[in-house]
Number of protein chains: 2
Amino acid sequence: MNVVNESPRRKELTRLAAQLFVQEGFDRTTVRMLAQEMGIKSGSLFHHFRDKQEILAAVIEEGTQNALMLARQALEECGDSASERLHAMARAHLETLLTDRNAHVVALYEWRRLDAAARDHLSHLRDAYEELWERVIDEALEAGLVHGDRFLVSRFVMGALNWTVRWYDPEGPRKPEDLAHELVAMIAPSTPSQPGQSTKV
Amino acid sequence: MNVVNESPRRKELTRLAAQLFVQEGFDRTTVRMLAQEMGIKSGSLFHHFRDKQEILAAVIEEGTQNALMLARQALEECGDSASERLHAMARAHLETLLTDRNAHVVALYEWRRLDAAARDHLSHLRDAYEELWERVIDEALEAGLVHGDRFLVSRFVMGALNWTVRWYDPEGPRKPEDLAHELVAMIAPSTPSQPGQSTKV
DNA sequence: GGTTTACACTAGCGCTTGCTTGGTTGATCT
DNA sequence: AGATCAACCAAGCAAGCGCTAGTGTAAACC
């Protein structure tokens, strides 16, 4: 009876689950709460998902896939200079935190609740995303835009960006674009202040 | 029967609880698991703590108090220059992450499981700690060591530092001192490379 | 020497949890 | 018209949960 495929109903349910997981945390969200939010009874939930863990995995997968897609797109559309590419990645990252906020918060906080199989599958996705970052940071280092240890710089940058979900207010005056700009300015002060004009190397 | 004071036994139990909370998460850690780890029966636990939530609060309080103490001490002992103070704060922060790792991981991940009263009490402690940071960052901005928006810079720095609990390996070659140095170098490239010699402003 | 105190035990209550079972519905396809 | 199928429901099981009540005991205190 249970489906593993990507029915549109399942997508919708996943979105609702993400919201509840953020509000209550995974463990505290009961299947009854999930069902009620979805307008069905708790038993019916298991027609769409094998078990509760699979809902969590679906939420995280959705968010990570979107982030990966958006980052790739941003890199294709931007200029060739190291500073432009760094800026594009930061902006793309912050924009997914805006649009897919729930899914990303769940991914950050509830990662360890995944069982071994799901964690294995999803960590490959996440690694692909982080590889994009490491490549862009390598370019920035080579271009002399940023200085320091390759590994540490990328961890610090990822930390600063991921941490935004804890304080960023989408209703506030600051846009993702602004944050991206400020971050790049902080770690690469020699960057030209207008991201439009490229600094070819 | 229940005690609220700071018996040495309670301190020891708090330390053990922190470890379990990190391994399993707060919700998944049952009072029976806690009791077993402590070598007593589940009922006896409630002689030391009013309820399960109080154990969580004790864990987080312990970690935050230590961090605050170490940061204040580091600021007193270091030189007057903005770069030295920035460096001292970063090192102190990373050192508590090393020594009190469990407590800090719990504080980061399980904060929302606190009830309103505990959260209110503990957020004051955390605010005091973050105030130290903001002051040091203000000094760095005034000294021209770092550039950018006051609010954003401090968030980015806190993010980079707090994120370290997710990847830092205490057994590895990098010491907290090294990380602190690298971070300061990244955001304030004009810093002298030897933290010992002060740059008076 | 009697009382108090700190710490532990046994036993279990009342409730919630994730998940299963067996069956019903209404739309779609042949 | 009959078969198929996704989607749902009602009912409930077995296990586990936080926590309480009442008791025992050895050390500390007056």
Side-chain angles (χ1 to χ4, degrees), chain A residues 1-60 106 109-110 112-119, chain B residues 1-21 23-60 106 110 112-119:
Chain A
M1 310 283 180
N2 301 339
V3 231
V4 195
N5 70 25
E6 292 288 318
S7 73
R9 181 81 173 125
R10 189 179 145 119
K11 265 237 160 82
E12 167 71 5
L13 298 182
T14 302
R15 216 181 46 80
L16 285 169
Q19 194 187 340
L20 260 183
F21 287 163
V22 169
Q23 275 173 37
E24 310 284 333
F26 176 69
D27 290 321
R28 282 208 151 40
T29 305
T30 69
V31 292
R32 281 167 245 263
M33 291 165 67
L34 286 165
Q36 192 178 21
E37 193 77 4
M38 297 164 176
I40 59 180
K41 298 294 173 180
S42 73
S44 313
L45 233 167
F46 297 91
H47 170 74
H48 301 278
F49 302 92
R50 196 186 323 276
D51 53 23
K52 196 185 162 194
Q53 287 241 21
E54 199 180 273
I55 310 182
L56 177 60
V59 167
I60 296 184
V106 171
Y109 277 91
E110 316 285 359
R112 296 171 320 156
R113 305 290 172 269
L114 292 167
D115 57 42
R119 186 154 44 208
Chain B
M1 312 283 179
N2 300 338
V3 229
V4 196
N5 70 24
E6 291 289 321
S7 72
R9 181 84 173 121
R10 189 178 144 119
K11 265 239 160 83
E12 168 70 6
L13 298 182
T14 303
R15 216 182 46 81
L16 286 169
Q19 194 186 342
L20 261 183
F21 287 163
Q23 274 173 37
E24 309 285 333
F26 176 70
D27 290 320
R28 278 177 128 85
T29 304
T30 70
V31 292
R32 283 167 244 264
M33 292 164 65
L34 285 165
Q36 192 179 21
E37 192 77 5
M38 297 165 178
I40 58 181
K41 299 293 173 182
S42 74
S44 314
L45 232 168
F46 296 91
H47 171 75
H48 300 278
F49 302 93
R50 197 185 323 275
D51 53 24
K52 198 186 161 192
Q53 286 243 21
E54 199 180 273
I55 310 181
L56 177 61
V59 167
I60 296 184
V106 171
E110 317 284 0
R112 297 173 317 157
R113 304 291 173 271
L114 293 167
D115 56 43
R119 186 155 46 208

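Per chain, numbering begins at 1; letters A, B, ... match sequence-line order.
B:Gln53 contributes a side-chain N or O that, together with a main-chain N or O of B:Asp115, makes up a donor-acceptor pair within less than 3.5 Å. In this structure, A:Arg112 contributes its side chain and B:Gln23 its backbone to no donor-acceptor pair below 3.5 Å.
Here C:dA6 presents its C1' atom at 15 Å from CG of B:Leu45, a figure rounded to the nearest Å. Rounded to whole Å, atom C1' of C:dG22 lies 16 Å from atom NE2 of A:His47. We find that NZ of A:Lys52 is positioned 15 Å from P of C:dT16, with the value rounded to whole Å. Distance, B:Phe26 CZ to D:dC17 C1': 12 Å, rounded to whole Å. The distance between atom CZ of A:Arg50 and atom C1' of C:dT20, rounded to the nearest whole Å, is 15 Å. Straight-line distance from the CG atom of B:Asp27 to the C1' atom of C:dG18: 15 Å, rounded to whole Å. For the pair A:Phe49 CZ and D:dA7 C1', the computed distance is 13 Å after rounding to whole Å.
For the OP1/OP2 pair of D:dC9 and a distance below 4.0 Å, the side-chain nitrogens and oxygens of A:Ser44 include at least one atom meeting the criterion. Dashed line: the shortest gap from a side-chain N or O of B:His48 to OP1 or OP2 of C:dA6 is not under 4.0 Å.
Side chain of A:Asp51, nearest nucleotide from C:dC19, D:dC8, C:dC9: C:dC19. With C:dC7, C:dC19, C:dT10 as the choices, the nucleotide that has an atom nearest any side-chain atom of A:Ser42 turns out to be C:dC19. Taking the side chain of B:Phe46 as heavy atoms from C-beta on, and the options D:dC19, C:dC19, C:dA8, the nearest nucleotide is D:dC19. Taking the side chain of B:Lys41 as heavy atoms from C-beta on, and the options C:dC7, C:dT10, C:dC19, the nearest nucleotide is C:dT10.
Pairs engaging residues 12-28 of chain A under the salt bridge (Lys or Arg N to Asp or Glu O under 4.0 Å) rule: A:Glu12-A:Arg15, A:Asp27-A:Arg113, A:Asp27-B:Arg28, A:Arg28-B:Asp27 [sequence neighbours left out]. Applying the salt bridge (Lys or Arg N to Asp or Glu O under 4.0 Å) test to residues at least two apart or on different chains, none of the pairs has a partner in residues 32-45 of chain A.
Across the interface with DNA chain C, nearest-nucleotide mapping of B:Arg9 and A:Arg28 shows B:Arg9 to be the residue nearer the 5′ end.
Applying the side chain to side chain contact (heavy atoms under 4.5 Å, CB included) test between A:Phe49 and each of A:Leu56, A:Val31, A:Leu13 identifies A:Leu13 as the sole match.
Side-chain atoms of B:Ile60 and B:Val106, non-hydrogen and from C-beta on, do get closer than 4.5 Å to each other. The shortest distance between side-chain heavy atoms of B:Leu45 and B:Ile55 falls below 4.5 Å.
Using a 4.0 Å cut-off on heavy atoms, the residues of residues 29-40 of chain B that approach DNA chain C are B:Arg32, B:Ile40, listed by number.
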